[in-house]
Every structure is written in structure tokens, then in C-alpha cells.
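Please read the structure below before turning to the comments.
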Amino acid sequence: MSFVSDIFGSAVFHDGVMKERLPKEIYRSLRETRDSGKPLDPSVATVVASVMKDWAVEKGATHFTHWFQPMTGITAEKHNSFITPAPDGRVIMEFSGKELVVGESDASSFPSGGLRATFEARGYTAWDPTSSAFVKDTTLYIPTAFCSYSGEALDKKTPLLRSMEAVNRQAVRLLRLLGNTASKRVDVTVGPEQEYFLIDRSLWEKRRDLMYAGRTLFGSKPPKGQEMDDHYYGAIKQRVNDFMKEVDEQLWRLGVFAKTKHNEVAPAQHELAPIFETANIATDHNQVTMETLKKVAEKHGLACLLHEKPFKGINGSGKHNNWSLCTDDGLNLLEPGDSPQENEQFLLFLCAVIRAVDEHADLLRLSVATAGNDHRLGAHEAPPAIVSIFLGDQLSEILKSFSLGEVARGGEATFMETGVKSLPRLHRDATDRNRTSPLAFTGNKFEFRMAGSSLSVSEPNVVLSTAVADVLSRFAERLESVSDVRREVRRIIGDTARSNGRVIFDGNSYGDDWKAEAERRGLPDITDTVEAAPRFITPENISFFLRHKVYTEAEIRSRYEVYLESYGKTINIEGETMVEMARREIAPACVRFKREVCEAKLAVKACGADCHLEDALIERLGALTAALDENIRDLAEALTELPDGASFERAAYYRDKVLPAMEELRGTADGLEEIVASDVWPFPTYGDLLYRI
Ligand code: ADP
Ligand code: MG
């Protein structure tokens, strides 16, 4: 056994442990719940709880927690110890079936978007047996869903599970119509690639903006940015390597398939990619990954930044969400095979995604909308805010032939000529890479690149999966109403290519001409969260979610509120942080420096020497510090004059009044940073943050 296979999953109560430790009948019953969603028998829970507790205690656990994913985007936990008083004054370790299955907590301190009135503050957590429990530090973590007293989802897991069920229903229905009788389930598979920045922790501690807001709110451009392309895939520095090694080990113990690590495009930026899993588990594991990155960084004297845009002018971080559909008997429904032009089942599922994305581009955009990600989308480094699909030449050609009713030709397998005999012959992939597309078909999966690095991947997958389920159900209806299924399949493919082909774009999505072209095609360009949020509550989108039982109307309205509320709160914190930094750090530093220059000027003048430099500096400092004073006051005022009214008006106010005031203040402060002596400047600069590891 290798070290890795020894430790992999050693902290997880996984299938192997259950099979070994649970009585046969109990194991079988639990397996049925995990595999096919059969409701759990309470007597099974009692036995599982007791076995799980014994296992966890052997692993050093003293506590357990229901672990859930409220609408904050991060996870929540409340630890309870296993201790129960024994009659002899000692304690025994106990854990009941009820404690495993349900938990109760005060939901009033989590975002609910008005779903939960304070008089019914109770929230409930319910065990998700499809995601394995694990031990971290000295606590047994039990993945759970989180809902209100009235049963409405207050979390990110419940809708995800519902959307996976919706796709499963419709995909199996379609497979049956296509003659597949073997597959019993269709799962959504997800592989989220995680980007992040690593900076020195002692420098991080000196920046209130990083501590409070997770991103720099001030900072002028360093002389060296990412123009040399020397960081991407560069040799990994020792300190970073030590960090990554420990991250991998911890993740492996927790059963996360951490696979690939490399340096990213921006200085100090890195990426970690796992092997894909079913969407629910991939989402849980991505949360564990983000927490582990932060924790291990701290241990190594580093700070891990998960914000989507920590540095102005430097690439932001995303989370590429690789998405596909896989049957329980191992069939990837988006695998084109050797001759995609004849693979009608593949083309049908491909078309389902194309139509789904075209019809629900607005919801997909909304699913990744946060104040942080708004800085990244459309910023000529990340996908634009316009949702489009990259298919590559071969598939685009095939769909075109279908739309014209022609016989599609398959591309020939081709090889690349390296001109060196000793190198292996390289097979040319059917699709090249396109790094600019928001949603690229990459061989046998779709890669959705609009998600921000700090985001839970739940939401984009809820939208993508529900949208695909919706289209699949309409395809199934058409096939159910005809006798010649194959002919109808070809018609559907042709129809989709004609009516939804506008969403396919293989060119450079970063270019400005694409914006104009997209507008001509009628594709929405939703630039920010405030504009995106109302798309959630349009009558069509409400009935779309209701149709597939993914959200109730109350849940949709509450989530709409949460989007807008958290947008406003984020900007409020950023604005307050800027005012504080400008007043208490930047302004005093400028005063000190000004005095230094003025004193110097007097001394120079006394010698009869030339004061040109001092005069110029004093003038420049004078102008900029006057502007600084004004900008601080403007921002502080903007932050106190919030309008009453609906959450939409408040969010729009933050976008239209507060953000521009922040920009103004930043411009002035960054100008000052460029002329104030570096030993006087109150916090580490971009150069320090990006190049000190
Ligand atoms: P890149 O995008 O850099 O080419 P890879 O090809 O290694 O990277 O894959 C990126 C991610 O896609 C990985 O997390 C991988 O597990 C995931 N992935 C691969 N196949 C699937 C699939 N069928 N469903 C979902 N994710 C997948
Ligand atoms: Mg990728």
C-alpha cells in the first residue's frame, strides 16, 4: 500500500467502513437510501448512529455536528459532545438515531430573506445520507440539509438535491424512449476547479481591507504585473509547495480527490482541481476544500484569498464548474464517441444543454452574481457577462448540417506533426481549447467558467440541471407522441440548431465586437447583480422552478431578497473599511510626509539650494490630499444616506452611489501612494503582497 492509498478517506465514514461495520440488513437498507433515494427507516438510523459514533470515537472524536450550508455561501456547524451522565458520576459516549437524523437550531441568525419570521425562528437540519460523514479535528461532521419550521429550504444543499432529482427523472425518461432499459439513474457530475491567491500572512494582517472585505480596496499598479506570462504553470516555490502538500494530505484523508495543482496566470495565484463526483458531493467537497485551503495557509504563515477579485488590474479567481450527466452504469451522456455525427443520443443531450442555456441565460448569470464576481465578469480576463457556448468546429459543423437537413460528415482523426521522430504521435482533439468562452464544451463535459472562486457551486448547478431537465421533458414529450422516434430525434436536433444556435459562439468572447454581435443575436448582457436579481422573480422563471419542484415560490422570493441584501451588505462593509483606512491610515501618513517635505524645503532653502523638487511635491501633495479629504467625506456621506424602501432600491443605491464614491476615493489614494515615501505608506503595497513569497 502506498502512503496515499493508506490515508485516502481514512477520516471518512465511507461505504467500505459501513459495509464492514454495519449489520448486513442495515447496510443494505442504507445503501438503498443512498443509491435510489428510498426514505430511511428510523430503526436503521439508530443502529447507524451507534456504529458511526463508535467509529468516530476511535478516530479521536469527542463531538458531533450537523454540518450545513446556509445562504451565506459558507458552511455552518454547532458542536455537541457525545457525553451523557452515567449513574456512577462518570460519563458514557452516546449518540442516538434521532440526533443523527434531525437537529434543531436557531435559524434567526442565518439569512432567510424574510422566509422566517422571528416568532418562528426554529431551523431544522436533516441528515443527508448520500454524502458521507467525516471526522475533522475532534468532531464528527454530518452533512445535513437546513430548512425552516414550515419546511422551506434555507440552504444551498436542498435545492441542489431537488434539481439532481429533476434531471434524473427526465433523463431516465428520455433514455427509455431511446431504447435504454439498463440505466436506473442519471446523476449530475461536477468537477470544480478552485483558483486562489496565497500571500504572506504578516502582510495580510496589515491590510484591513483584506481582513474585512477579502479584497484590496486600495493599491496602485506594481511595476510588474502578469505581462510576462511567467507565473502560469511556473515551477512551484518551496513554501507554496509545502502548503500544497499539506492541503492534499488533509483533503485526501477527508476523501476529497485532490488531483491537479499548478500556478495560475496572475502572480501569487494558484489552482487546485479535484476529480469529478456527483454534484452534491462535489459541492460538499468544494466547501471542505475552501476551508482547508484557509486553515492550512494560516498554519504556514500564509493567507489564502478566495475572493474573485482581490487585486485591481490583476486577473481575478474563478471556479470552473465542469458539468456532465452520468448513468449509474457508467455512461457519460455527453461523450461524443468516435463518430459524433452518428451518435444521436449524444447529440440529443448536447442539444438539451444548448437549448437550456439559451433559454435560461439570465438565471445562469444570476446563479454566479455577487458583488465580488461583478468585478471579474466581463473584465477582459474572465468570461464576459454574456452567456454563450463554445462547441468547437467539428460539433458546430455537425449541428449546422442537421439544421440544413444534410447528412452530417464526421471529422477524420488527425495527428499533429511535431517533426521529431522520437516523440509519440499526438492525436489531435476534436475541439481546441477556447479560454474566453463562459461555457465551453470540453470533450465530454461542459465547463462553466463564470462562477467566482468564493462561490458555492450549488447555485450554478441548480440552474444548469433544472434548465436541462426542463428541456429534456419537452424532448421526451415530443418523442412520446410519435411512432418514428429516430426521425423525431433528428428533427429535434435540427430544430435546436436552428432556434438556439444563436447561443453558440466559437470566437473570442473577450472582444468588444462580440458584445455588439451578441446584442444583434438578442442574447442578454446582464452586467451586475442588481440587474440580474429581478430575473429570479419573473413569472416564467418562477413557474419554471415550480414545474420541477426545485424551489417553492416563497423560496424564490426569499432568495431574491438574499441576493440583494448580501450585495448591499458587502459593499457597505467595503465602503466603511475604505473610510476607516483613508481616515486613520492614509490621511495621517500623508500629513506626516507633507510635513517632512515642508521641513526639508525650509532646510534646503536656508542653504540657498534649488527647491524645485520640494515645491513640485508640495503642490502635488496639496492637490491630492485636498481631493482625499473631499472623497472621504463624500463616501462617508453616501454610506449614511441609504434610501428606505425595497431591497432592490437599496442595492441599486449601493451600485449607483456608493461604488462610484469608492472608485473616486481609491483613485485619489492610489495617486498618493505613487508619490508618498514608501517607508511612510501605512500598509503593504501590491508589489509586497504579490511578490513576497
Ligand atoms: P482542464 O479544464 O484544465 O483541461 P481537466 O481536463 O483535467 O482540466 O478537467 C477539469 C475538471 O473536469 C476536473 O475536475 C475533472 O475531474 C472534471 N471532469 C472531467 N470529466 C468530467 C465529467 N464527466 N463530469 C464532470 N466533471 C468532469
Ligand atoms: Mg479547466
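We number each residue from 1, following the sequence as shown.
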[Y] versus [X], side-chain donor and acceptor atoms under 3.5 Å:
| X | Y | result |
| --- | --- | --- |
| D155 | T158 | yes |
| H79 | E77 | yes |
| T46 | S43 | no |
| E447 | N321 | no |
| T130 | N280 | yes |
| Q250 | R253 | no |
| E565 | S647 | no |
| D329 | S183 | yes |

Between F648 and Y560, is the gap from one ring center to the other below 6.0 Å?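 They do not qualify: ring centres at least 6.0 Å apart.
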
Any chance the rings of W323 and F446 have centres within less than 6.0 Å?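 Ring-ring flag for W323/F446: false, centres at least 6.0 Å apart.
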
Judged by atom type as modelled, is there a donor-acceptor pair below 3.5 Å linking the side chain of [X] to the main-chain atoms of [Y]?
| X | Y | value |
| --- | --- | --- |
| D209 | G214 | no |
| H14 | G16 | yes |
| D200 | L302 | no |
| T292 | V288 | yes |
| H548 | V550 | no |
| S132 | V12 | no |
| N461 | V457 | yes |
| S453 | L306 | yes |

Verdict with supporting geometry, E291 and K294, salt bridge (Lys or Arg N to Asp or Glu O under 4.0 Å): CA-CA 5 Å; E291 283 162 26; K294 293 210 144 195; over 6 Å; no

What I want to find out is whether [X] reaches [Y] closely enough, with some N-O distance under 4.0 Å, to be called a salt bridge.
| X | Y | answer |
| --- | --- | --- |
| K295 | D137 | yes |
| D15 | R31 | yes |
| E574 | R215 | yes |
| E555 | R162 | yes |
| E459 | K156 | yes |
| E246 | K299 | yes |

Please identify which of these residues, E264, Q269, E308, meets the side-chain hydrogen bond (donor to acceptor under 3.5 Å, both in side chains) condition with S317.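 Single pass found, and it is Q269.
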
Looking at every non-hydrogen atom in both residues, tell me the closest pair between [X] and [Y] and how far apart they are.
| X | Y | result |
| --- | --- | --- |
| L198 | A297 | CD2-CB, 4.2 Å |
| A451 | V368 | CA-CG1, 3.5 Å |
| S558 | S112 | CB-O, 3.2 Å |
| S473 | D470 | OG-O, 2.8 Å |
| N541 | F536 | CB-O, 4.0 Å |
| Y563 | A533 | CB-CB, 4.4 Å |

Salt bridge (Lys or Arg N to Asp or Glu O under 4.0 Å) between E195 and K319, worked out: CA-CA 6 Å; E195 292 182 344; K319 177 142 50 195; over 6 Å; no

Under the side-chain contact (heavy atoms from CB on, under 4.5 Å) rule, what do Y124 and Y149 come out as? Steps first, then yes or no, please. CA-CA 7 Å; Y124 292 89; Y149 187 65; 3.7 Å; yes

Using side-chain contact (heavy atoms from CB on, under 4.5 Å), reason through L210 and I199 one step at a time and then give a plain yes or no. CA-CA 11 Å; L210 287 177; I199 62 173; 3.5 Å; yes

side-chain contact (heavy atoms from CB on, under 4.5 Å), that's the test. Do W67 and T139 meet it? Break it down for me. CA-CA 11 Å; W67 183 64; T139 300; over 6 Å; no

Quick one: [atom1] on [X] to [atom2] on [Y], what's the gap to the nearest 0.5 Å?
| X | Y | atom1 | atom2 | result |
| --- | --- | --- | --- | --- |
| L251 | K259 | CG | NZ | 15.0 Å |
| E576 | L639 | CD | CG | 5.0 Å |
| D328 | R185 | CG | CZ | 8.0 Å |
| Q194 | S454 | CD | OG | 8.5 Å |
| E277 | S131 | CD | OG | 9.0 Å |

When you look at [atom1] of [X], are more than 12 heavy atoms from neighbouring residues, nucleotides or ligands closer to it than 6.0 Å?
| X | atom1 | answer |
| --- | --- | --- |
| I537 | CD1 | yes |
| R239 | CZ | yes |
| K38 | NZ | yes |

With sequence neighbours excluded, residues passing ring pair (Phe, Tyr, Trp, His ring centres under 6.0 Å) with F257: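 Ring pair (Phe, Tyr, Trp, His ring centres under 6.0 Å) list for F257, sorted by chain: F8.
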
My understanding is that only residues two or more places apart in sequence, or in another chain, count here; which of them pass ring pair (Phe, Tyr, Trp, His ring centres under 6.0 Å) with Y196?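 In terms of ring pair (Phe, Tyr, Trp, His ring centres under 6.0 Å), with neighbours along the sequence ignored, Y196 is linked to H270.
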
Could you walk me through whether K157 and D284 satisfy the salt bridge (Lys or Arg N to Asp or Glu O under 4.0 Å) test, starting with their C-alpha distance in whole Å, then the side-chain angles of each, then the deciding distance to 0.1 Å, before giving a yes or no? CA-CA 9 Å; K157 183 188 270 282; D284 285 1; 2.9 Å; yes

Evaluate F64 against F82 for ring-ring contact (aromatic ring centres under 6.0 Å, His included), listing each step before the verdict. CA-CA 7 Å; F64 70 93; F82 292 121; 5.6 Å; yes

Verdict with supporting geometry, F146 and F110, ring-ring contact (aromatic ring centres under 6.0 Å, His included): CA-CA 11 Å; F146 180 48; F110 294 105; 5.5 Å; yes

Please identify each residue that fulfils side-chain hydrogen bond (donor to acceptor under 3.5 Å, both in side chains) with N332, with sequence neighbours left out.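 Applying side-chain hydrogen bond (donor to acceptor under 3.5 Å, both in side chains) to N332 gives S324.
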
On the six-membered ring of Y141, is K136 placed so that its NZ or CZ lies under 6.0 angstrom from the centre and within 45° of the ring axis?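 Yes, cation above the ring, under 6.0 Å and within 45°.
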
Side chains of L689 and T216: does their closest heavy-atom pair fall under 4.5 Å?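 A side-chain contact exists here, since the closest heavy-atom pair is under 4.5 Å.
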
Could you go through T144 and D128, starting from their C-alpha distance and side-chain angles, then the distance that decides it, and tell me whether this counts as side-chain contact (heavy atoms from CB on, under 4.5 Å)? CA-CA 5 Å; T144 56; D128 168 17; 5.8 Å; no

From CA spacing to verdict: salt bridge (Lys or Arg N to Asp or Glu O under 4.0 Å), E271, K261: CA-CA 6 Å; E271 180 182 300; K261 51 188 179 185; over 6 Å; no

